[in-house]
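Contents: one structure, followed by commentary.
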Amino acid sequence: MKIYSFLFALCLTFGLSAQEYGRASFYADSFQGLKTASGELYSKSEMTASHNTLPFGTMVRITRLDTKKSVVVRINDRGPFIKGRITDLSRKAAEQLGIISSGEVQVKLDVVGQGKPVSVANKTTTTPKGATAAKPKATTTAQPSTTKRPAVYNDSSVPKKVTTKSVPKAVPTQATTSTAKGSDTDADMAISEAKFVRGNYNKYGLYKIQLLKPEKKGFGVQVGSYSSYDNVMKQVADLQAKWFEDILVNIEPAEGGGSSYKVILGQFETEAAAENYKKNLQRKHGVKGFVVGLEEM
């Protein structure tokens, strides 16, 4: 028994001391309130993160390799699904780690403990002493979606996250529910999952577009100007192929009639942050641009 106890303790210690090295990024603000793979709703003000294999509720320490600054977060989502990246952090965790401006950094992940994930689908209630518990209806609660959402990409050249996307995230599969016992069942038809268009844009085809109108605040980096809507769509697909997000399109009347489409990557709170991003764009991706004030558009 002593040997088994020793081996169990050794395995437990080894499991809690697991390490992993890779890149870390953070969720876009547009994920606020969306359901994670664990069933919890994502909150940018909580200390949470995603991981592809660790059990939900696992507590991990994320340490930057350059500054040695670290944070402890709880795993409540799956992802990221990008080679070389091992975790996506909530915005609060990213702020404490200091990666908002850089977007993505090299980190070390250490498992430090196993917490208890919050149950959102099966909450229990306590019946007062002497009272009779009401018989629940024979309904089936929809289980949390395990659809693998594309993780937010934040390269060191990717701007601060805003809620502006030219192409939406993957559409979660519509959950099916069962009606009460004895009645007819009618399963809802599932919605097919939408995929990012990454460089394979075709002029003709079915595309899902989600328009979001951000505040005209801060600064961005303009990387293109077009008179053709078709060229704008192609540029957006090309940028997404390089894993850029937060793509803004400013539409203005053109001289002589028609419209002018300006493709902008942003938003940034300060002009200095936008300038730094512009330098990274050209140095790392060969993309040239110039800083523009969004309030002036």
Side-chain angles (χ1 to χ4, degrees), residues 19-32 34 36 42-52 54 58-112 149-165 169 214 217-221 239-240 242-248 265-285 287 289 291:
Q19 289 186 345
E20 190 175 355
Y21 290 83
R23 302 194 306 272
S25 187
F26 60 94
Y27 287 87
D29 287 346
S30 56
F31 280 103
Q32 178 67 19
L34 296 183
T36 64
Y42 167 69
S43 172
K44 62 183 180 180
S45 61
E46 299 291 333
M47 297 293 287
T48 58
S50 69
H51 194 274
N52 275 316
L54 291 174
T58 301
M59 305 300 293
V60 299
R61 178 181 291 108
I62 307 297
T63 304
R64 289 185 58 164
L65 298 183
D66 54 352
T67 64
K68 307 304 179 185
K69 185 179 294 186
S70 66
V71 294
V72 175
V73 294
R74 180 171 56 85
I75 301 300
N76 73 337
D77 198 12
R78 289 293 174 235
F81 307 106
I82 298 174
K83 185 178 180 180
R85 185 147 21 118
I86 59 175
T87 186
D88 282 319
L89 304 172
S90 65
R91 185 171 186 86
K92 182 177 180 180
E95 288 174 347
Q96 292 190 14
L97 204 58
I99 69 172
I100 297 298
S101 59
S102 57
E104 185 181 68
V105 294
Q106 292 290 333
V107 300
K108 178 181 70 171
L109 182 152
D110 292 282
V111 175
V112 297
R149 298 178 292 104
V152 180
Y153 183 68
N154 286 291
D155 186 75
S156 57
S157 61
V158 174
K160 181 179 179 180
K161 295 300 161 187
V162 291
T163 56
T164 304
K165 301 287 182 294
K169 295 289 180 186
K217 296 174 63 177
F219 300 86
V221 177
L239 289 170
Q240 289 183 163
K242 298 176 182 178
W243 296 99
F244 286 104
E245 295 187 358
D246 301 327
I247 304 170
L248 310 178
L265 298 176
Q267 295 163 286
F268 298 92
E269 294 181 357
T270 65
E271 187 173 3
E275 284 287 352
N276 182 61
Y277 171 61
K278 182 192 74 172
K279 294 177 182 178
N280 285 331
L281 271 180
Q282 186 167 356
R283 178 170 57 87
K284 292 192 172 184
H285 299 278
V287 178
V291 176

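The first residue of the sequence shown is numbered 1, and numbering continues consecutively from there. The analysis underlying the following values was restricted to heavy atoms, covering all of them including side chains, and did not include hydrogens, waters or symmetry mates.
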Derivation of the side-chain contact (heavy atoms from CB on, under 4.5 Å) call for Leu89 and Ile99: CA-CA 10 Å; Leu89 304 172; Ile99 69 172; 4.2 Å; yes
Atom pair CD1/CD1 of Ile62 and Ile86 - distance to nearest 0.5 Å: 6.0 Å
Point-to-point distance, once rounded to the nearest 0.5 Å, from NZ of Lys279 to CG of Asn276: 7.0 Å
Check: Arg78 side chain, His51 main-chain N or O, donor-acceptor pair, under 3.5 Å: yes
Check: Arg61 main-chain N/O paired with Ser70 side-chain donor or acceptor under 3.5 Å: no
Reported CG-to-CD distance for the pair Asp66 and Gln106, which is rounded to 0.5 angstrom: 9.0 Å
From Lys69, Met47, Arg91, residue fulfilling side chain to side chain contact (heavy atoms under 4.5 Å, CB included) relative to Gln96: Met47
Expected output: side-chain Gln32 to main-chain Lys44 donor-acceptor under 3.5 Å: yes
Gln267 and Phe219: CA distance, side-chain angles, deciding distance, side-chain contact (heavy atoms from CB on, under 4.5 Å) verdict: CA-CA 6 Å; Gln267 295 163 286; Phe219 300 86; over 6 Å; no
N-O pairing of Lys92 and Glu95 below 4.0 Å: no
Main-chain N/O of Pro80 paired with Asn52 side-chain donor or acceptor, under 3.5 Å: yes
CZ-CG distance between Arg23 and Asp88, expressed to the nearest 0.5 angstrom: 10.5 Å
Worked verdict on Val73 versus Val60 for side-chain contact (heavy atoms from CB on, under 4.5 Å): CA-CA 6 Å; Val73 294; Val60 299; 3.5 Å; yes
Spacing of CG belonging to Leu265 relative to CD1 belonging to Ile247, to within rounding of 0.5 Å: 6.5 Å
Smallest separation among heavy atoms of Tyr42 and Ser90, with atom names: OH-CA, 3.6 Å
Flag, side chain of Arg64 to backbone of Leu97, donor-acceptor distance under 3.5 Å: yes
Asn76 CG to Thr58 OG1 distance, which is reported to the nearest 0.5 Å: 11.0 Å
Minimum-distance pair of heavy atoms, taken over all atoms of Gly220 and Phe268: CA-CD1, 4.4 Å
Sidechain-backbone polar pair: Thr87 side chain, Ser50 backbone, donor-acceptor under 3.5 Å: yes
Closest non-hydrogen atom pair between Ala94 and Phe26, with its separation: CB-CB, 3.6 Å
Side-chain (Arg85) to main-chain (Glu104) donor-acceptor, under 3.5 angstrom: no
Pairing residues for Thr63 by the side-chain hydrogen bond (donor to acceptor under 3.5 Å, both in side chains) criterion, not counting sequence neighbours: none
Shortest non-hydrogen contact between Leu65 and Lys68, atoms and distance: O-NZ, 3.3 Å
